[in-house]
Amino acid sequence: MNNFLSWLEETTIAEWVASSTWGYAITLSSHGVGMAIVVGLTAIIAIRILGFPAVINLSELRKLLPVLFFGLLLNFVSGIALFMAAASEFFYNIAFQIKILMIVIGLFLVFYLDKSVLKRAAAHSDVDLVLSKKTQIFALMTILIWWLSVVLSGRLIGYVIYV
Amino acid sequence: MFENLAQWIKETPLHEIFTSSYWIFPAAETLHFMGLTLLVGSLLVVDIRGMGFLKKITFESVHKLVPIALFAFSINLATGFIFIFSDPDRYFINIAFQLKMFLIMVAGINALIFEFVVFRPATAGMVDPDKSYVAKITSCLSLLIWASVIVGGRLIPYVEY
């Protein structure tokens with residue numbers, strides 16, 4: 001494993017991110033913009049499922065999913081590049097490990113919300129859409145996972161790098 | 001001027017409080033990031049609507065997200081003050097910070113133009129917001145400016161020398 005991680009750090013992409021003047025800044029900036037898109041749009045959709053503002057159609061919000069996926073793609077690409085630049089440090093960093101696990105859980109929750117709420121809203125043009133307590137709890141969990149886990153652990157990666 | 005301001009900040013009790021614990025800065029950073037996602041999330045919906053998409057949502061409806069954006073912005077203003085008060089020497093002279101503050105000001109003016117040239121006249125029935133070029137331009141600009149604000153913020157540590 002350690003050989004693989006060291007190899008990653010020696011690739012052209014990793015060296016561009018780690019050593020060029022703008023590599024790290026550009027990649028990290030893209031990661032920040034992508035985060036805002038993914039976490040921000042999910043938060044708004046989840047807050048809407050919780051009931052606010054009731055006048056906004058969930059079927060219309062569902063049309064923003066391609067934008068959310070664009071943000072995901074941006075973060076997937078920039079995230080891999082950032083990881084490669086210091087692979088052997090990130091891999092063993094507890095904050096990083098928690099972050100990745102929470103991203104996977106968060107994505108499942110987004111997928112669940114789409115399947116259980118947004119798709120139905122789109123199919124019935126928002127008519128008779130019942131937002132059950134269960135889906136609302138899932139919406140709340142999605143916000144908490146993205147914010148408390150992903151954003152928090154992402155921030156803390158730099159602070160616990162030597163733990 | 002900046003040196004005096006930084007010196008004054010370092011003599012305030014707030015500076016002492018914010019630097020009294022190692023964890024206040026990262027905690028404020030985390031809140032700043034949560035605020036930024038909420039700000040961008042709400043503005044994405046408002047501005048994409050303003051650009052002419054999602055027409056089933058009326059302008060009045062989408063405008064209900066503006067308080068969320070303002071709430072998020074106040075979180076970031078407050079946590080931003082914590083950064084500045086913790087480490088004033090670092091920010092005022094930083095070109096990325098200066099650029100970021102300038103962009104936030106432009107974003108504010110841009111939002112006011114949307115509010116007073118498009119939204120309020122539209123609610124009064126004087127303007128059709130879906131036919132307004134000002135709506136489309138200010139909405140598009142808003143997204144571009146806020147994306148640049150994020151980039152500006154991310155660049156602050158890289159232009160420190």
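Side chains are part of it too, since the values below use all heavy atoms of this structure and drop only hydrogens, waters and symmetry mates. Residue numbering restarts at 1 for every chain, and letters A, B, ... go by the order of the sequence lines. All figures in this text were calculated on a predicted structure; none of them were measured in a lab.
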Chain A contact via [X] - side chain, backbone, both or neither, heavy atoms under 4.5 Å:
{"X": "B:Leu39", "answer": "neither"}
{"X": "B:Trp23", "answer": "side chain"}
{"X": "B:Ile57", "answer": "both"}
{"X": "B:Tyr22", "answer": "side chain"}

Original post:
Are B:Lys10 and B:Asp87 close enough for a salt bridge, meaning some N to O gap below 4.0 Å?
Top reply: no
Original post:
For B:Ile9, does its backbone N or O pair with a side-chain atom of B:Thr12 as donor and acceptor, under 3.5 Å?
Top reply: yes
Original post:
A:Glu9 side chain to A:Ala85 main-chain N or O, any donor-acceptor pair under 3.5 Å?
Top reply: no
**OP:** Could you check A:Tyr24 against B:Tyr158 for ring pair (Phe, Tyr, Trp, His ring centres under 6.0 Å), going step by step and ending with a plain yes or no?
**Re:** CA-CA 9 Å; A:Tyr24 192 62; B:Tyr158 301 99; 5.6 Å; yes
Is [X] close to chain B through its backbone or its side chain, or both, or neither, when contacts mean heavy atoms under 4.5 Å?
{"X": "A:Ala25", "value": "both"}
{"X": "A:Ile44", "value": "side chain"}
{"X": "A:Val67", "value": "side chain"}
{"X": "A:Trp22", "value": "side chain"}
{"X": "A:Ile47", "value": "side chain"}
{"X": "A:Ser59", "value": "side chain"}

Subject >> Option that, when pairs with chain B are counted at under 4.5 Å, heavy atom only, ranks first among A:Arg48, A:Lys63, A:Met35 >> reply: A:Met35
For residues [X] and [Y], determine if any side-chain heavy atom of one lies less than 4.5 Å from a side-chain heavy atom of the other.
{"X": "B:Thr37", "Y": "A:Trp146", "result": "no"}
{"X": "A:Leu72", "Y": "A:Leu107", "result": "yes"}
{"X": "A:Phe138", "Y": "A:Ile49", "result": "no"}

Original post:
For the candidates B:Arg49, B:Arg154, B:Lys64, which exhibits the highest count of non-hydrogen atom pairs separated by less than 4.5 Å from chain A?
Top reply: B:Arg154
Original post:
Top residue by heavy-atom pair count (under 4.5 Å) with chain A, among B:Leu36, B:Leu54, B:Leu44?
Top reply: B:Leu54
Original post:
Just checking, any donor-acceptor pair under 3.5 angstrom between side chains of A:Ser30 and A:Thr27?
Top reply: no
Original post:
Would you call the rings of B:Phe18 and B:Phe85 parallel, tilted or perpendicular if under 30° counts as parallel and over 60° as perpendicular?
Top reply: perpendicular
